[in-house]
Structure formats: C-alpha cells, structure tokens
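Just so it is clear, the model here is predicted, and its values are computed rather than measured. Protein chains get the first letters and strands the later ones, always in sequence-line order, with residue 1 at the start of each.
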Amino acid sequence: MTQSVSPARRSNFLTDIIDADLAAGRHTKVVTRFPPEPNGYLHIGHSKSILLNFGLAEQYHGVCHLRMDDTNPVAEDIDYVRSIQHDVEWLGGKWDGEVRFASDYFPRMYELAERLVQEGKAYVDSQDVEEMRKNRGDFGRHGVNSQYRERSIAENLDLLRRMKAGEFADGSHVLRAKIDMTHPNILMRDPLIYRIRHAHHHRSGDTWCIYPMYDYAHPLEDAIEGITHSICTLEFETNRELYDWFLDQTGPWQTRPRQYEFARLALGYTVMSKRKLLQLVQDKRVSGWDDPRMPTVAGMRRRGVTPEALRDFADRIGVAKNNSLVDIGKLEFSIRQDLEKQCPRALAVLKPLTVTLTNWPDDMVQQLDLPWWPNDQSKGTRKVPFSKHLYIDRDDFSADPPADWRRLAVGREVRLQGAYFVRCDGVERNPQGEVTGLRCSVDLHSRGGEAQDGRQPAATLHWVDARHSLAAEVRLYDRLFSVELPDGEGDFLQHLNSDSLQLVQARIEPALAEGPERVQFVRVGYFFRDAKDSQPGAPVWNQTISLKDSWTKTAQPARGAKAKAAAPATQPAAPATDWAALVAGNPILQALQTRYNLEVSALGRLAHDPARLAFFAAAVEVASDGPLTLRLVQNDLAGALAGAAISSLPFDAKAFGRVVADIAAGKLSPGSAKQLLPAWVKRGGDADSLVAELGLGAGVQGDALSEALANVLHAHAAEVARYRQGEIKLLAVLLGILMRQAKGCDPQAARSALLAQLQS
RNA sequence: UGGGGGAUCGUCUAAUGGCAGGACCGCAGACUCUGAAUCUGCUUAUCUAGGUUCGAAUCCUAGUCCCCCAGCCA
C-alpha cells in the first residue's frame, strides 16, 4: 500500500501531449483526476484508468485528485464511496489532499447556471420527456426549437430559482443550454444542464432538489480543481465539444482543462459494465462484488492478485486510442510472474490418493526440514511430517500410462519432493475397479530426495502425510464466462461458465495452519487464504491462478489460434472517376489543362475544392511550371497545412508561385521545398529569408558533396560494412544522413555518388 | 442517413519521411528435486488502390472495414 503507482518512465500519446504542453509553457504543473461515480465497485478497467491518472501525475511530479462524481443521487451510495477509496488506496493511488466530491461544488455550479441564464445562454424548458426526445431530432434529422426557447431572461431566472426552491415536481422543467437545435452533434442540440430530482443525496442531504447533468458538471469540476489534463474514455469523444463549450461560456478559468480520450480496457471472457456486474451480484450468480471470479478490484484482491500484478499488466497493455480486446492470457501472465517471485512454496494435495509405504515402520514419523523457497534455502524452512501413510495427487498416478508419462505407475519410481524415492509395487481397487490406493516401497537411503547411487527419477511429486496433514477447502476458479465476448449477442448470462467455481476438499501440510497467506502449492498453482470464509480449523484457500501447464495442454487445442477471417486479397478497386470528362465539363479546369498540359486525374481533384483551385491558378501564373505547381499544391502544401484551410495561409499564392519557380529553375531542391513548407506555413514571412535561415538554398554539390560523403562514410563505417554484406536497406539510412549534412543537395546526385562509393 | 474516432505480427503496443522494434501467445532446444520458473533460438504484421519522394506505416487522393453518439445516466 505504500508502493508508488509506477516510477518507470512511460510513453504514450498522452505523455506526448503533456510534453508539448510543458514545453510550450501552457502548464507548469500537471494535475489529473480520477472521477468515479459512487454507484458501483471499481473493476480492472478502472484500475487501468487509476494507474494512468495517478501514474501520469507522478511521472510529471504533479498531483492527481480523487473525486467522487456524485451528481445523481438516485444511483449513488456512501458504501460505494468507501469501497472506491479503499480500492484506489490498495492500488497505490495517492491522491492530493482530501477525497473531493462534485456535490461540494453544487453552489458554484448553480451560480454559473444563473450567469448563463442572465447572459441569455440558457433557458428553462417545460416540454415533457417525450416531446423533448422527439424535438431533438436524430442522426438524419435536425432538431426543432422548443416552444419555451424564447422565454425572457427574467422569466427563466424566476423559473430556475423556483426549480431550485423545490416548487416544481420532478420532470416538470429542466434548464437547457441555448446552443443550436440543428447542430450535427446531437449533444450540442440544447443539452440539459439541470434536472429536478427530489431525492436525498448521500452527502448534500436534502439541500438540493435540482442536480446538474454530467456534461455541465464535469468540465466545471475539472476547472474548479485546476485540472490540466482531463483523461476519460473514448465514448466521451463526442462530449468534448460540449465540454469545451461550457468552459468557454463560464470562464475565464485560471487553468483551462482539456479533455483527452483513451481506449478503455476490454478483456476477454468477462464483462466490464457496472450494470452487468451489478446484475451478477443481485441475481446471486456470484457471492458478491468481491467474489474472486469478479473482475472487480475487490474480487481480484480476495482471489490473491496483487497491486503489483495489476500495475505490471497496465504497463504491458499500454495506452492508446485503438478499440482493443486484451487477451486474458496477458493478465494471467502478469499475475503468475508476480506471484512466482513473491510466494513461498508449500505442499497440498487437491485430489488425495492414498499411498502406503510397505517397508516403512508402522509408527515412525519423521519431521523433515523443507525450505519455503527451494531455490533459496536461506529464506527459512518448516517442518513437514512424513510417515507410512501419505497422499499424492490422483493425477500423478496412471494405471495405464501413456508413452510420455513421467509420473508414477506400477513398477516406476518417483521422488516425493524433499523426502524419499518411492516405487509403486501395486494398486488397490474397489469393487468398481477404481484405484483406491497405492502400495509403494521407499528407498530408505534417499532421505532428502537424493539417492545414494545418484540415480534420477523422471518426476518429482508433491505429497502430504495422511494423518498429520490438515483438511482444507480449496476453491478453484475458472473464467466466469465460457465465450470470449459475452457481451456479444443475446443475454450475457447465457454465456456464464457453469464450472467457474470448483470446491475441493484438499489436504494441506500442517505448517499452513499459521504460515504465509499467499503461497504456491507446488506443482499446482498460487493460492491465497480466504480471510472472509476461513474458520479456525477449517481453512479456505482460493486459487489465484494455476501454474502454467505445458504437459496436459498438448492434448487440448491450442488457445488463441483463431483463424484469420478469410478476406479477399485485394479490395475491389474504387469505382473509377472519369477525370477527363470532369475536366472537360469544367471551363476553368479545361483552360488550365490546355495551357499547362496537366494530368487530368491530378487536376480533376481540384474540382471539389474551389479555394485550392483558385490558389493553384494564381500560383501557376507566377511559376509557369504547371505539373510541378500542381504536385506541390496537392501534396506538400496540403501536408504542411495538416487539415487547415488554405485561406489560413500566412502567404499568398503569388509568393508560393515564386518558390515553385525557384524549384523549377533548380535554385531550390524539391527536398528543400519539403522542409521549407511546414516552417513557412507556421511562421509566414518571406520565403527567401526562411530558405537562407534554414540553410536550404545553398545546394551542396561538387567537391563539397564529395567531402560530405567521405565524412559520412567514415563516421558510419558499421553501416557501410552492413550494406556491403548485403543489407541494401542501409542505403536509405546512409543517404538520409548524407542529405542532412549536405543540405539542399540534389538527391539524385547524392544517391549516385553514394552508390558509387559503396560499390567501389 | 449526420457527427466524432480508429485501422501495424494471432493479441497488446512502439517507430513523429531513413534499419518495422518490444511484450504476450505459439514452436524448438537447454536446464531443472515443480512437465513451473530460468536461459537460448525461431515463426508471424503496416486495411486496399493510386500518387508525391532518392526513400512512405508515416505526407496527399479515393475507397474499405470497425467503434462511439439520438438518457431528465455517467
């Protein structure tokens, strides 16, 4: 609980953004937040978000707030607040200051709502739910204005105050932002700000009977707290426009938060929505929120998963914007790796099979000293009793062993870990013919597990003493659902794995009565003592995860070997546009085509973009070289614009045309032009001086080029050698280095000079 | 149908015009008092089609596929 979230430097698209913000001086300190709604338990998807937000804050020496987003009193509960706090803490999240509550900001939010009304940016609507839905329109249809949209400011203010005073029934009025009912983003069609709810709030009590909506409350909460980077999941991308709108209308804010979205965690063979998890709990499909099969933080904790494992998992899956489904095997790997390092080893037999040592004295009991850590004897030992009657696991004996069987069978010898070599001489069977016990002889000179003649058995088995071992309930868990995507079609409950819990009456070594709570049962798996259900004398152990098993698995079909969907090798080509006809049908294009001898397909594309066409026409007037101008406008300039409108350019078409003319005349290489354009677009000004400043115009050639080439070859001898050994891709690398040194050189000349040197 | 996002090994994720890298999974071998762990090696990817460039996963154009949005939930 004292560990930090992650000291390791991590890099993803969010750190790129933060780096840029810090570098540009937009922020001097990073403030993030984790804002759960207290209406359910946290799950592993939240843990990704927690680790991200707290991790980012720590990485940048900033802070992270824990804030309960409690704006809807009907769903929320104080018990959830407690569990969330506990889980975040357990994961290692150290929040700045006290836990915060959105409800503490209700007064401020209300003030700002009155301000919006005063400024004519919000109004009280009195349509009912049905009407409002109908008038909102849909994806293909604009919304229409409410008949109440033009109420006077005075009336709106009066109504809002009476809403707040509790004069109206739930649902009779709402406060809405006055934006645009025809906005293509439906969220912007006069979104709701406040709704009436005569409900008791777990924190503010009965003070309020109007409660703010998420889209209004959340940006304000962030701004009030001075959050710099408000990180949420992808489904809120559409909400960002509204987030910005509310902040812009309620500002100015000292720190202006920005919202960024990442892909939430989706895991195979489980469900992640709070609604579905709640249903599993309410329908008693599981024992509770902390059932060890649940993907909740509480469930995983009870199962024996550690925060370190979850942190490792989060680091491995990374943070990005792709919709992804993470293989559950990845989580299992992180759990195993973590437990492998931190679990002492103990002996437990899950499916006991009696072994009688025929040549062992009836009453002799030996107390063997076995190390908790077989690979590190210095970490202590415990006493393990050994006598005439033992248990081994049923799965470790075969009456009819397959060819590659290495364990016990009649006539074969194995080692009992840390104890003796035993040989199976015979089996006892019940009337049904089932094996009920084994008769074995022990090599009395192999105490400690080493035979005097140095022979090595094919296998080492785990075991416990029959009389001196303890009975224990062991709970084995499998994935909760039998299909990878239970959310898919139909009711997710029908995909529940009926064998997800298996109760086993096991025998465990006596030292476990008091020993460590988290152990590896040798050759079985990692187990965690269940603190809730264990009773004195009746211990319960939860299987956190089994050991990897590369032996029994060979008999089963390989996991994760999904056949790639058979897709056609190539997509059908897009319907071809008849560019020639398009150009012929447009007098302006036709004239340009004739005058400058342009490719119709390249020219035709300008038909869709009049601003670009006008720019081109003006530029080519100056540059004369039509094809070159067109290429530069269509590719390089468009790239430098990065989606911005051509009208936002800080230079005009004529200036651009002069640069093109320089390129055509050989005064500037195309490569240099490519470097020039982004800088020019960004800074504007005079192209010639920018060329000089960037050192692009010089055009290194002749002796200077040869000299640069010699330097490069000398400084990168290793790459040269690799090229000569056949790694021809190194040509591009070396050429790149050369081109950066010999600024403005002709690429063709540089390439052939380099090639000549490399091949000599 | 409108808007907003996303496409890189089987899976997750890097590469910010210059050697497609890492991890999981899988396969093979070594080692082993856990058929575990550990160690070594190997297989496998830029959605499609054009274009620009000496050089494209990356820039341009057109397409294809996937996800999200029409709660007085968050």
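Consecutive pairing runs in RNA chain B reach the stem threshold at B:2-7 with B:64-69, B:10-13 with B:21-24, B:26-30 with B:38-42, B:47-51 with B:59-63, where a stem means at least three Watson-Crick or G-U wobble pairs with distances under 3.5 Å.
Shown are A/I193, A/D190, A/L175; of these, the side-chain contact (heavy atoms from CB on, under 4.5 Å) with A/Y123 is made only by A/D190. Here the options are A/R176, A/R189, A/R136, A/R195, the test is salt bridge (Lys or Arg N to Asp or Glu O under 4.0 Å), and the partner is A/D125; only A/R176 passes.
Remark: A/Y723 engages no residue in a ring pair (Phe, Tyr, Trp, His ring centres under 6.0 Å) (not counting sequence neighbours). By the side-chain hydrogen bond (donor to acceptor under 3.5 Å, both in side chains) test, A/T544 is found to be paired with no residue, residues two or more places apart in sequence or in another chain being considered. Residues that satisfy the side-chain hydrogen bond (donor to acceptor under 3.5 Å, both in side chains) test with A/K274, not counting sequence neighbours, are A/N39. Here A/E235 pairs with A/T233, A/R264 under the side-chain hydrogen bond (donor to acceptor under 3.5 Å, both in side chains) rule; sequence neighbours left out. Checked against ring pair (Phe, Tyr, Trp, His ring centres under 6.0 Å), A/F262 has no partners two or more places apart in sequence or in another chain. Evaluation of the ring pair (Phe, Tyr, Trp, His ring centres under 6.0 Å) rule for A/H716 yields no partner, not counting sequence neighbours.
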Any N/O pairs under 3.5 Å between the protein and nucleotides 42-44 of chain B? List them or say none.
none

Output one line per pair: protein atom, nucleotide atom from nucleotides 21-24 of chain B, and distance, for all N/O pairs under 3.5 Å.
from	atom 1	to	atom 2	distance (Å)
B/A23	O2'	A/R316	NH1	2.7
B/A23	N3	A/K330	NZ	3.3

I'd like a table of atom pairs between the protein and nucleotides 72-74 of chain B - only N or O on both sides, under 3.5 Å - with the distance next to each one.
from	atom 1	to	atom 2	distance (Å)
B/C72	OP1	A/R136	NH2	3.4
B/C72	OP2	A/R136	NH1	3.3
B/C72	OP2	A/R136	NH2	3.4
B/C72	N4	A/Q127	O	3.4
B/C72	N4	A/G171	O	3.0
B/C73	OP1	A/R197	NH2	3.0
B/C73	OP2	A/R195	NE	3.2
B/C73	OP2	A/R195	NH2	2.9
B/C73	OP2	A/R197	NH2	2.1
B/C73	O3'	A/R195	NH2	3.2
B/C73	O2'	A/N72	ND2	3.2
B/A74	OP1	A/T71	OG1	2.8
B/A74	OP1	A/R195	NH1	3.4
B/A74	OP1	A/R195	NH2	2.9
B/A74	OP2	A/Y214	N	3.1
B/A74	O3'	A/D69	OD2	2.8

**Asked** Tell me, for nucleotides 52-57 of chain B in 5' to 3' order, what letter each nucleotide earns: B for a base near a protein heavy atom under 4.0 Å, S for only sugar-phosphate near one, - for neither?
**Response** SSB---
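For the residue pair A/D338 / A/Q342, a side-chain donor-acceptor distance below 3.5 Å is found, with atom types taken as modelled.
Regarding A/R176, its CZ atom lies at a distance of 12 Å from the P atom of B/G71, rounded to whole Å.
Nearest nucleotide to the side chain of A/N323, out of B/G5, B/A70, B/G3: B/G5.
Residue contacts shown for A/R407 include a base, since a base heavy atom lies under 4.0 Å away. Across all strands, A/G140 comes closer than 4.0 Å to base atoms (heavy-atom distances).
In this structure, A/W405 and A/K48 both approach RNA chain B, and ranking their closest nucleotides by distance from the 5' end singles out A/K48.
Straight-line distance between the P atoms of B/U13 and B/U8: roughly 8 Å, to the nearest whole Å.
A cation-pi arrangement, defined by a distance under 6.0 Å to the six-membered ring centre and an angle within 45 degrees of its axis, is present between A/R407 and A/W551.
Here A/Y420 and A/F386 bring their ring centres to under 6.0 angstrom of each other.
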Let me check something: any side-chain donor-acceptor pairs from residues 630-638 of chain A under 3.5 Å, sequence neighbours excluded? List them with distances.
from	atom 1	to	atom 2	distance (Å)
A/Q634	NE2	A/A602	O	3.3
A/N635	ND2	A/R631	O	3.4

